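Take a look at the structure below.
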Number of protein chains: 2
Amino acid sequence: MSKTTNPNFMNGVPELLILRLLKDHEMYGYELVQAIRTVTHEAISLGEGVVYPVLHALEKDGALKSRRKAVSGRTRVYYTVTPAGQKRLTHLVSNWTKLNDVIASTLNGGAYASLAI
Amino acid sequence: MSKTTNPNFMNGVPELLILRLLKDHEMYGYELVQAIRTVTHEAISLGEGVVYPVLHALEKDGALKSRRKAVSGRTRVYYTVTPAGQKRLTHLVSNWTKLNDVIASTLNGGAYASLAI
DNA sequence: GCATTATACCTTGAACCACGAGGTATGCAA
DNA sequence: TTGCATACCTCGTGGTTCAAGGTATAATGC
């Protein structure tokens with residue numbers, strides 16, 4: 001009777017990164033794709049197929065707000081974080097940090113000592 | 001033409017935890033399910049539906065070795081890490097650490113300063 | 001003596017996310 | 001004028017994780 005209560009505990013990292021980057025600067029999708037690559041020194045490389053859907057979902061949820069802006073003939077859609085988005089970001093960061101701590105301590109083996117074997 | 005080169009960059013954490021725990025002690029599936037819960041202080045709770053398939057896959061890949069053992073009428077399947085599994089663990093840990101570092105530095109905002117804006 | 005819980009193994013179907021590939025369109029450089 | 005970079009988007013696939021179910025034995029509770 002497996003009783004797990006983690007709703008997909010590892011997911012949502014793209015969302016986390018995107019919210020975090022947008023918190024500092026208003027950005028548009030295409031820019032984000034490259035910013036993530038640059039910021040993570042190529043370690044993480046999210047394609048447009050990941051970024052755009054996340055952006056749309058976050059806006060639909062009220063975590064982001066967008067405005068269209070014409071730049072030299074092309075249209076860019078700039079996104080900014082709403083107060084709701086800010087709250088969501090805080091929550092995601094705290095979750096990630098917690099998760100990370102327990103994984104790190106498990107890898108270091110320290111936590112296992114607490115087990116009664 | 002999105003060009004991403006991360007084959008599902010966030011996955012494989014259950015595998016990582018299982019290999020890490022088995023490295024210290026020979027364990028059986030049901031025991032692992034609870035060990036993970038205990039070790040992570042309930043932060044991560046992998047069900048049997050996660051653990052058993054991972055165990056089978058790892059054994060099939062030669063990363064684990066199993067032996068059946070009868071304990072008070074019940075049969076337990078104990079798993080140990082093979083040299084190949086040890087190598088795999090090392091690799092997974094290094095990947096996880098690297099990934100983690102870039103995410104952490106992104107969250108801290110330090111990395112963004114390296115962007116030419 | 002009987003029912004429930006804990007132990008111990010397992011599989012399966014759905015859900016979800018990330019991915020790659022494709023599609024449209026404009027501007028600029030070779 | 002051909003190609004590449006910019007800039008937006010969607011869709012189908014695939015791989016993981018999930019909950020829920022199934023089987024069977026031992027121990028505990030009433």
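Per chain, numbering begins at 1; letters A, B, ... match sequence-line order. Since the model is a prediction, treat every value here as computed from it, not as a measurement.
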Integer-rounded Å distance: [N] [atom2] and [X] [atom1]:
X	N	atom1	atom2	result
B/M27	C/dA8	CE	C1'	14 Å
A/K69	D/dT6	NZ	C1'	16 Å
B/D61	D/dG15	CG	P	14 Å
A/L99	D/dT17	CG	P	12 Å
B/L17	D/dT16	CG	P	15 Å
B/I36	D/dT17	CD1	C1'	13 Å
B/L46	D/dA20	CG	P	16 Å
B/N11	D/dT16	CG	P	6 Å

Please list each protein N or O that sits under 3.5 Å from an N or O in nucleotides 11-14 of chain C, with the distance.
none

Within the side chain of [X], is there an N or O that forms a donor-acceptor pair under 3.5 Å with the backbone of [Y]?
X	Y	value
B/T75	B/A70	no
B/T90	B/Q86	yes
A/T38	A/Q34	yes
B/R20	A/L107	yes

Checklist entry - Could you give all pairs that pass the salt bridge (charged side-chain N to carboxylate O under 4.0 Å, His left out) test and reach residues 62-74 of chain A, with sequence neighbours left out? => result A/E26-A/R67
Think [X] has a side-chain N or O under 4.0 angstrom from the OP1 or OP2 of [N]?
X	N	value
A/Q34	D/dA5	no
B/Y28	C/dA8	yes
B/Y30	C/dC9	no

Checklist entry - Do any pairs count as a ring pair (Phe, Tyr, Trp, His ring centres under 6.0 Å) and have a residue in residues 46-69 of chain B, sequence neighbours left out, and if so which ones? => result none
Checklist outcome for this item: The complete set of ring pair (Phe, Tyr, Trp, His ring centres under 6.0 Å) pairs with one or both residues in residues 67-90 of chain B, sequence neighbours excluded, reads B/Y28-B/Y78
Next on the checklist: Considering every strand and a 4.0 Å limit on heavy-atom distances, what is the contact class for B/V13: base, sugar-phosphate, or nothing?
Outcome noted: sugar-phosphate
Checklist entry - Out of B/L89, B/I18, B/T80, which one pairs with B/K23 under the side chain to side chain contact (heavy atoms under 4.5 Å, CB included) rule? => result B/L89
Next on the checklist: Please enumerate all residues that pass salt bridge (Lys or Arg N to Asp or Glu O under 4.0 Å) together with B/D61, with sequence neighbours excluded.
Outcome noted: B/R88
Checklist outcome for this item: Residues in residues 71-78 of chain B with a heavy atom under 4.0 Å of DNA chain D, by number, are B/S72, B/G73, B/R74
